[in-house]
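Take a look at the structure set out below.
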Amino acid sequence: MNGSFSCSTRRVSWHEQLLRRRYHVCFSLRRFILLLCAEIRWEEERYTDGSKWRFLEHKGPVFAPPYEPLPDKVRFCYDGESLFAHVFVEKFAKMLDHEYTTKDVFRKNFWKDWRKEITSEEKSKITDLNKCNFSEMSEYFKLQSEARKQMSKEEKQKIKEENERILQEYGFCIMDNHKERIGNFRIEPPGLFRGRGDHPKMGMLKRRIRPEDVIINCSKDSKHPKPPPGTKWKEVRHDNKVTWLASWTENIQGSIKYIMLNPSSRIKGEKDWQKYETARRLKKCVDRIRSQYREDWKSKEMRIRQRAVALYFIDKLALRAGNEKEEGETADTVGCCSLRVEHIKLYSKLDDQEYVVEFDFLGKDSIRYYNKIPVEKRVFKNLQLFLENKQPEDDLFDRLNTSILNKHLQELMDGLTAKVFRTYNASITLQQQLKELSCSDDSIPAKILSYNRANRAVAILCNHQRAPPKTFEKSMQNLQTKIDEKQNQLSAARKQLKAAKADHKASHGDKSKKTVEVKRKAVQRIEEQLMKLQVQATDREENKQIALGTSKLNYLDPRISVAWCKKWGVPIEKIYNKTQREKFAWAIDMAEKDYEF
DNA sequence: CCTCAGACTTGTAGTCATACGT
DNA sequence: ACGTATGACTACAAGTCTGAGG
């Protein structure tokens, strides 16, 4: 382990590692070719055997604090009778303010699971959720949260210190000579599953995860994490083909949850870099692929036509692939390959446009995708063909799924999958927009506005929406008030300047000259402030229903942004906050001002 | 082939902490 | 110094994609 882990030392050594690794790969590549005369794919990987690390040591996860029963007097009412609560009742009571506790599915699932938890005596007594009154508990929780807000500085400080201590102890691991931050070292506490959209499992009980449920992954020669006293791990394994430190199976979907490293870690950063490199390779052959799928629209084979139209949508509209999902297990959402007849409408003429397709479906996280776009005639005719003799609930692309599509893509370019198109189109859009919008005469705030607009174009393309913030209208109003005030200030300042000038004209004194200068500066300052506020207002208004974060974090090659900052003299802090700078440290190190995606 | 577990990325909402104006 | 609005950060759900195994 190196002695120092300060940010800059780490970054430099990482960069060095990148360089060394290239050499290493080239070397082993040559050796492999000599030995095997085999076709080896050149990969940006640290180890050629697919292993992800050599040494991994950590302290294991932090478990949810044990359940502490409420004071005896805090109970819930059943049909007039006062009863003691349990963990899940508590959770239910805490959610009372949310709309979903009124939903049938939520209540039904909660009721079913809750009854499994209670004693037979309680079971015979409590027979109807609607007769339960949790309001007393709910009140108690509200009081508690008030009390927490009112805590003294010392108490708050103490909690903060304790959190920091836990972070220092459990929040880091050592992977191959580097101390790395762990992403989520705390195990999720028990609670009620919510899920998004119309989830059939909402309200079910998420059980507590115990050490006996947890698999630990670390290297053999490391100091193994200790389970809490009196407990055992489910298993300790030493699998260096994976990157996770601990895992367990969650009880709602039966899926596996992992503890992995923070995005600032080498292992995540490298993967991220690789992702953008793949997207850049797509850039080189996207024209070929596009003309290929346009050819395929004419194919005699239905499956090829479907594949080609689907790919066109993925490319043009940045749709997700759309894997099949198990019915009834999750909310009914779709992506490109899983689109159904009911999700599109065709208009040979709409307003003044020809061949318009209207999309209306729920995508990931049950976010609605709604879009009307004119398509080429051939696509339109194909879609009409795909719709023939089908019911609304039938698959639009009945001869296609993601694995067929991805297999095809793999043949077109090594490492190409459906999601690469999203990355590619997002990044190339940002680069294009930045070129178009940036203007050297602009002030820094105006440049940042341009950046945000470019970012926004991408977010719109990727359909990254958000619910308008609850306080949106009010905060807009506040900002407008500020702008008005500033404007008044400005005219006042201008008047003063004018007066000072007149004064100076009359007296020609040194003192009056100074006053003019002072007043001129004041006007300038206020003008600047006003401009800043106006830019802020524009930015906020345009951003009302758009979430920039996801694209910034997952789709935009950070080197584009870094290069843009360098080119236009915008400090990187204006674009990326601290966490983002840590995540994109590799790009901040690598990209020069002439970087091209 | 097909299915499904597994691993890893992407996504929004909500909570928390802090900067800001009063 | 205080309270609130805002951005940072966390939580954890929900996707994508691969590859093992029948």
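Since the structure is predicted, the reported quantities are computational estimates derived from the model, not experimental observations. Numbers restart at 1 for each chain; the letters A, B, ... are given by sequence-line order, proteins then strands.
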- request: Using a heavy-atom cut-off of under 4.0 Å over every strand shown, decide if Gly322(A) touches base, sugar-phosphate, or nothing.
  value: sugar-phosphate

- prompt: Who passes ring pair (Phe, Tyr, Trp, His ring centres under 6.0 Å) against Phe63(A), sequence neighbours left out?
  reply: none

task: Kindly indicate, with the supporting measurements, whether the criterion ring pair (Phe, Tyr, Trp, His ring centres under 6.0 Å) is fulfilled by Tyr369(A) and Phe361(A).
output: CA-CA 5 Å; Tyr369(A) 183 93; Phe361(A) 62 89; 5.1 Å; yes

message: Strictly below 4.0 Å: does Lys419(A) bring a side-chain N or O up to OP1 or OP2 of dT10(B)?
response: yes

Just the atom pairs and distances: protein N or O near nucleotides 10-13 of chain C's N or O, under 3.5 Å.
residue, atom, partner, partner atom, Å
dA13(C), OP1, Lys206(A), NZ, 3.0
dA13(C), OP2, Lys257(A), NZ, 2.8

task: Report yes if at least one side-chain N or O of Ser403(A) is closer than 4.0 Å to OP1 or OP2 of dT18(C); otherwise report no.
output: no

query: Given dC17(C), is OP1 or OP2 found less than 4.0 Å from the side-chain N or O atoms of Thr417(A)?
result: yes

query: When the distance from CG of Asn217(A) to P of dG6(B) is rounded to whole Å, what number comes out?
result: 14 Å

query: Is it the case that Tyr555(A) and Thr550(A) place a side-chain donor and acceptor less than 3.5 Å from each other?
result: no

message: If the cut-off is 4.0 Å, is Asn406(A) near the phosphate of dC17(C), judged by side-chain N/O to OP1 or OP2?
response: yes

- prompt: Does a donor on one side chain sit under 3.5 Å from an acceptor on the other, for Tyr293(A) and Asp315(A)?
  reply: yes

task: Classify the ring geometry between Phe359(A) and Phe313(A) as parallel (under 30°), tilted (30 to 60°) or perpendicular (over 60°).
output: perpendicular

- prompt: Would one find a side-chain N or O of Asn323(A) under 4.0 angstrom from OP1 or OP2 of dT16(C)?
  reply: yes

message: Students often get this wrong, so: under 4.0 angstrom with heavy atoms, is Ala331(A) touching a base, only sugar-phosphate, or nothing?
response: nothing

- prompt: Looking only at side-chain N and O atoms, does Arg422(A) come under 4.0 Å of OP1 or OP2 in dG11(B)?
  reply: yes

message: Whether the Thr402(A) and Asn323(A) side chains hold a donor-acceptor pair (N or O, under 3.5 Å, no angle test) is what I'd like checked.
response: yes

field: Integer-rounded Å distance: dT16(C) C1' and Glu326(A) CD
entry: 17 Å

task: Take atom NZ of Lys91(A) and atom P of dG14(B), then tell me their distance rounded to the nearest Å.
output: 16 Å

task: Measure the distance from CD on Gln465(A) to P on dT12(B) and round it to the nearest whole Å.
output: 8 Å

- request: Using a heavy-atom cut-off of under 4.0 Å over every strand shown, decide if Thr550(A) touches base, sugar-phosphate, or nothing.
  value: base

message: Classify Ser247(A) by what it touches in the nucleic acid, base, sugar-phosphate, or nothing, heavy-atom distance under 4.0 Å.
response: nothing

Below 4.0 Å: OP1/OP2 of dC8(B) and any side-chain N or O of Lys52(A): yes

- line: Quick note, Ala418(A) side chain, CB onward, closest among dT12(B), dG6(B), dC17(C) is dC17(C)

task: Just compare dA8(C), dC8(B), dT16(C) and give me whichever is closest to any side-chain atom of Trp244(A).
output: dC8(B)

query: For Thr402(A), which contact category applies under a 4.0 Å heavy-atom criterion: base, sugar-phosphate, or nothing?
result: nothing

statement: Rounded to whole Å, the CG-C1' distance (Asn163(A) to dA8(C)) equals 16 Å

- line: Note: for Arg320(A) and His98(A) on DNA chain B, the residue whose nearest nucleotide lies more 5' is Arg320(A)

field: Within 45° cone and under 6.0 Å: Lys206(A) NZ/CZ vs Phe193(A) ring
entry: no

field: Between dT12(B) (P) and Met202(A) (CE): distance, integer Å
entry: 18 Å

Distance, rounded to the nearest Å, where Gln274(A) contributes CD and dC8(B) contributes C1': 12 Å

message: Using heavy-atom distances to pick each residue's nearest nucleotide on DNA chain B, tell me which of Ala547(A) and Ile256(A) is more 5'.
response: Ile256(A)

- prompt: Looking only at side-chain N and O atoms, does Tyr555(A) come under 4.0 Å of OP1 or OP2 in dT9(B)?
  reply: no

- request: Measure from the side-chain heavy atoms of Ala321(A) and tell me the nearest of dT18(C), dA7(B), dC17(C).
  value: dC17(C)

statement: When Gln580(A) and Lys325(A) are each assigned the nearest nucleotide of DNA chain C, the 5'-most assignment goes to Gln580(A)

task: Establish, from distance only, whether the side-chain atoms of Asn262(A) and Glu582(A) form a donor-acceptor pair under 3.5 Å.
output: no

- prompt: For Lys268(A) and dA7(B), what is the distance between atoms NZ and P respectively, to the nearest whole Å?
  reply: 12 Å

- prompt: Got His58(A) and Ile216(A) here, is their nearest side-chain heavy-atom distance under 4.5 Å?
  reply: yes

